[in-house]
Amino acid sequence: MNKTKTKKTIMLIMLTVLAMVTLFASDATNASASKVHHKRTHKVYKKKAKKRHVAKKPKHKKKARRASYKRPVAKKKARKIVKKVTHKKASKFRFASLYRSASSKLGHPYRLGASGPYIFDCSSFTQYAYRHGAHKYLARTAQMQYNTNKHVSRKHVKKGDLVFFGTNRSNISHVGIYIGHDRMIDAQLRGVVTEKIHTNWWHAVGYARVA
């Protein structure tokens, strides 16, 4: 009986030891696995953090460069002056071309209702000069040319503006092109001529600028 009891106790001790060993081994493997997982996640997080940091850096640099660069004041002034000069040259060139087109018809005869290019009435002459000298298309009659263009005062009239004559603004009977020094080029009974605007036989109603 004593032998059998001792065998049983030995067996129980061995089983408990084995159980304890297996438990310890499983805990150790779990701990090592968790360490490995933690290391991997830590590496991945580091890589993502580096990528984000690298992607953000150039943006900050670009912003800093844009903020630091300022165009010199002298260059801005120079550009404004160049724009003014080129605009003046362009306006002179436009009038020169317009006047060249109009003056090429000096001496050509006049006939009411004629549309050119060799015989004109007043409005067909201005229409021809603007189409060939400035690439702008005017209405056919003097009244329509007055109605469809921007009106300007005598004080602000410029070379190339249209000059209108008649009894009033709603009864325009004649039109010419202002060429400076209170003179115009127009088609009238004597044909295409240059003459004064303010005379006894004309009543100037207004001026208009072709846009």
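Cluster partners of Phe165 are Val152, Val157, Val163, Tyr178, Met184, Ile197, Trp201, Trp202, Tyr207, counting Ile, Leu, Val, Met, Phe, Trp and Tyr whose side-chain heavy atoms approach within less than 4.5 Å, directly or via other members. Its side chain within the 4.5 Å cluster rule, Leu112 clusters with Tyr110, Leu189 among the Ile, Leu, Val, Met, Phe, Trp and Tyr residues.
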request  = Under the side-chain contact (heavy atoms from CB on, under 4.5 Å) rule, what do Asp182 and Arg154 come out as? Steps first, then yes or no, please.
outcome  = CA-CA 10 Å; Asp182 203 28; Arg154 184 181 176 184; 4.2 Å; yes
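Considering only residues two or more places apart in sequence or on other chains, Asn200 meets the side chain to side chain donor-acceptor pair (under 3.5 Å) condition with none of them. When the ring pair (Phe, Tyr, Trp, His ring centres under 6.0 Å) test is applied to Phe120, the partners found at least two apart in sequence or on another chain are Phe125, Tyr128. Among residues two or more places apart in sequence or in another chain, the side-chain contact (heavy atoms from CB on, under 4.5 Å) test is passed with Thr194 by Leu106, Ile179, Arg183, Ile185. In this view, His151 and Tyr146, Ala208 satisfy the side-chain contact (heavy atoms from CB on, under 4.5 Å) rule, not counting sequence neighbours. Applying the salt bridge (Lys or Arg N to Asp or Glu O under 4.0 Å) rule to Arg140 yields the partners Asp121; only residues at least two apart in sequence or on another chain are considered. For His156, the side chain to side chain donor-acceptor pair (under 3.5 Å) criterion is met by Ser153, not counting sequence neighbours.
Of all the heavy atoms in Ala114 and Ser124, the pair that sits closest is O-OG, 2.8 Å. Residues Ala139 and Thr148 come closest through the heavy atom pair CB-OG1, 4.3 Å. His174 and Ala187 make their closest contact through CE1-O, 3.2 Å (heavy atoms, listed as atom of the first residue, atom of the second, distance).
Listed for the Lys159 side chain is no donor-acceptor partner under 3.5 Å among the backbone atoms of Ala96. A donor-acceptor contact shorter than 3.5 Å is absent between the side chain of His108 and the backbone of Ile119.
For residues 9-19, there are no salt bridge (charged side-chain N to carboxylate O under 4.0 Å, His left out) pairs, not counting sequence neighbours. Within the structure, every pair that satisfies the salt bridge (charged side-chain N to carboxylate O under 4.0 Å, His left out) test and touches residues 193-211, not counting sequence neighbours, is listed here: Asp161-Arg209, Arg190-Glu195. The stretch residues 169-178 participates, sequence neighbours left out, in no salt bridge (charged side-chain N to carboxylate O under 4.0 Å, His left out) pair at all.
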Expected list for residues 129-137: side-chain donor-acceptor pairs under 3.5 angstrom, two or more places apart:
from   : atom 1 : to     : atom 2 : distance (Å)
Tyr130 : OH     : Gly160 : O      : 2.1
Lys136 : NZ     : Ala211 : O      : 3.2

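Looking only at atom types and distance, the side chain of Thr126 has a donor-acceptor partner in the side chain of Gln145 under 3.5 Å away.
Between Asn149 and Leu138 there is a side-chain heavy-atom pair separated by less than 4.5 Å. With contacts defined as side-chain heavy-atom distances shorter than 4.5 Å, the pair Asp186/Cys122 does not qualify.
Annotation: His181, atom NE2; neighbour count of heavy atoms from other residues, nucleotides and ligands within 6.0 Å does not exceed 12.
Hydrophobic clustering places Ile172 together with Val210 (ILVMFWY residues linked when any side-chain heavy atoms are closer than 4.5 Å, directly or through intermediates).
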